[in-house]
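Okay, so here's the structure we're looking at.
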Amino acid sequence: MPPALLFSAVLLLLLPPPVWPSPLTLPLQRAFPTNHGVELSQLRAWDSVRHPRLLQQTTTTYVVDFPVRGTFDPSQVGLYYTKVRLGSPPREFHVQIDTGSDVLWVSCGSCNGCPETSGLQIQLNYFDPGSSSTSSLISCLDQRCRSGEVSSDTSCSGQSNQCTYTFQYGDGSGTSGYYVSDLMQFASIFEGSVTANSSTPIVFGCSNLQTGELTKSDRAIDGIFGFGQQEMSVISQLSSQGIAPRVFSHCLKGDSSGGGILVLGEIVEPNIIYSPLVPSQPHYNLNLQSISVNGQTLSIDPTVFATSSNRGTIIDSGTTLAYLAEEAYNPFVNAIAAAVPQSVRTVLNKGSPCFLVSSSLAETFPQVSLNFAGGASLVLRPQDYLIQQNPIVDGAVWCIGFQKIPGEGITILGDLVLKDKIFIYDLAHQRIGWTNYDCSQSVNVTASTGGGRSEFINAGELSGSTSLRNGAHKLINIVVMTFFIYFLVL
């Protein structure tokens, strides 16, 4: 080889590796990288270059990943939950994913009514502010307490000067406690690099009293993770700190294995359709305009779905089934029953219409569409409005999963409807989007609402290691350079 070509080949090998646009799959495990110390030193060196420019640049936001476990099936778990790590040293807590409330709270020591064991085969933990070196109580004078007082749930104890709360849920259960500030650790991803132990201070609830269903052990968890849009929610806190975008997404698997995807960020999928949120509401209210069965719009007064003090349509991942306003329930059930073949036997099970089915659901039951403002329709397959009961010899019993709320005009769409779909809560643009999706598949997520660079995330837990990604890049670089040298020699 001529010396000039040899010098060129060596120079090419010494060049930095090229950046390839195609994302690579991350392994389905959460672990600290074996070369963690080296990566931190590299990051510190990179940060030292960036620091002088920080005042001239906007804050970088990250995609934040949370693992998902559980299933919508009431005969199994009946809820979806995730894990959060709080305190220093961090402790792990299992908390229900709830878009119908705002605050993250966990059970604390000396709790009255908190279950000690769980039928979900998880280890229950208690948070102890005194055991965390970074924990501090929120006083009544704290601005964060004052922002929470906008809702009737937060109050102040004059004697102890502690910021306290009391939450009541739709099933009659409740909890009360006090607010603390401490570090939350989470997995973040930016430009393909995953950090498993990112952390930031947040305010969350420390519950010392639980009542109702929360006291039972069969589905006991450590707390509830509220994903509402008020100031005390974690999504609002991380957004105000510039860590995460003001948008989050989930994709809940509907099969028996459950699980799914939960990210602070916007899942990028071309088939997403959006409907605007009803403004100035405490929950995620959408303007449901009509219901169609087999393409035929049901005769329901549209004012039944109009949002007011005691009416409206709410998206709530903390609800297992789905609930219709009383005036809409009977037309809905009657239309489904009329569309079912006469050969299918109809029975009542605890007041719910049920069907003895021996053929496939798609052949037996109609398609349902919930039609929202903005021309966005949420299309429901039979398994999105039916619940399977005990199987029979020649088939299965399927019951209407939508329930009636007597005397109330509220419609609540819970996990029965939300499963097997991507749902995007775009708080920055005040809209919710959705599309059908296989939630066992990977997704692309962006931290920039409405577009921008996207990250590739598996349907599971992100890994704290980037060794697979870096190793793949190195291998690609070697192959490319080898071919380049080969052609130069020729």
Side-chain angles (χ1 to χ4, degrees), residues 72 74 98-102 150-153 167-174 212-213 226-230 274-293 296-338 348 350-353 366 368-380 384-387 399-419 421 423 425 430-432 434:
F72 90 98
D98 183 19
T99 61
S101 63
D102 294 297
V150 174
S151 67
S152 58
D153 301 322
F167 301 131
Q168 295 294 328
Y169 298 99
D171 61 359
S173 61
E213 291 293 320
F227 275 85
Q229 52 186 323
Q230 304 303 316
Y274 288 91
S275 185
L277 283 166
V278 179
S280 304
Q281 296 299 312
H283 302 292
Y284 292 116
N285 285 69
L286 292 178
N287 184 6
L288 178 62
Q289 297 178 328
S290 65
I291 300 177
S292 301
V293 176
Q296 298 297 315
T297 302
L298 303 184
S299 180
I300 302 173
D301 187 348
T303 60
V304 170
F305 305 120
T307 300
S308 64
S309 59
N310 60 348
R311 289 185 179 274
T313 302
I314 299 172
I315 306 295
D316 180 20
S317 67
T319 294
T320 303
L321 301 176
Y323 296 81
L324 275 178
E326 188 170 14
E327 300 93 327
Y329 180 80
N330 288 336
F332 174 76
V333 171
N334 292 340
I336 292 175
L348 283 178
K350 298 180 181 180
S352 295
V368 172
S369 293
L370 306 180
N371 307 310
F372 293 90
S377 291
L378 180 57
V379 178
L380 306 183
D384 296 331
Y385 61 82
L386 297 172
I387 291 287
C399 299
I400 300 291
F402 276 68
Q403 307 297 303
K404 176 169 58 177
I405 304 184
E408 295 188 23
I410 298 177
T411 295
I412 304 175
L413 304 181
D415 296 334
L416 173 65
V417 173
L418 305 183
K419 62 179 170 52
K421 301 173 185 67
F423 264 83
Y425 301 75
Q430 286 294 288
R431 60 181 185 170
I432 290 183
W434 60 81

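In this structure, Q403 contributes its side chain and G401 its backbone to a donor-acceptor pair below 3.5 Å. A donor-acceptor contact shorter than 3.5 Å is absent between the side chain of N287 and the backbone of A373. In this structure, S317 contributes its side chain and T99 its backbone to a donor-acceptor pair below 3.5 Å.
To the nearest 0.5 Å, the span separating CG on L416 from OH on Y385 amounts to 11.0 Å. One finds the CG atom of L418 at 7.0 Å from the CG atom of L413 (value rounded to the nearest 0.5 Å). The distance from the CG atom of L324 to the CZ atom of F305 is 6.5 Å, given to the nearest 0.5 Å. The structure places CD1 of I432 at 9.0 Å from CZ of F372, a figure rounded to the nearest 0.5 Å. The distance from the CG atom of L298 to the CG atom of N330 is 11.5 Å, given to the nearest 0.5 Å. Here the straight-line distance linking atom CG of L370 with atom CG of D384 works out to 9.5 Å at 0.5 Å rounding.
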Where do I300 and F332 land on the side chain to side chain contact (heavy atoms under 4.5 Å, CB included) test, with the steps shown first?
-> CA-CA 9 Å; I300 302 173; F332 174 76; 5.6 Å; no
When you look at Y425 and F227, which way does the side chain to side chain contact (heavy atoms under 4.5 Å, CB included) test go after all the steps?
-> CA-CA 10 Å; Y425 301 75; F227 275 85; over 6 Å; no
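Among residues at least two apart or in separate chains, side-chain hydrogen bond (donor to acceptor under 3.5 Å, both in side chains) pairs with a member in residues 368-377 are S290-N371, S292-N371, N371-S377.
Of all heavy-atom pairs spanning A325 and T411, the tightest one is N-OG1, 3.4 Å. In this structure, G174 and Y169 approach most closely via the heavy-atom pair CA-CD1, 4.4 Å. Q430 approaches Q229 most closely through the heavy-atom pair NE2-OE1, 3.2 Å.
The one candidate from I412, V333, L380, I387 that meets the side chain to side chain contact (heavy atoms under 4.5 Å, CB included) condition with F402 is L380. For the side chain to side chain contact (heavy atoms under 4.5 Å, CB included) criterion with L378, the lone passing option out of L288, V417, L286 is V417.
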Result block: side-chain N/O donor-acceptor pairs under 3.5 angstrom for residues 309-316, not counting sequence neighbours:
residue, atom, partner, partner atom, Å
N310, OD1, S308, OG, 3.4
R311, NH1, V304, O, 3.3
R311, NH2, E327, OE2, 3.0
D316, OD1, G100, N, 3.2
D316, OD1, G318, N, 2.9
D316, OD2, T319, OG1, 2.6

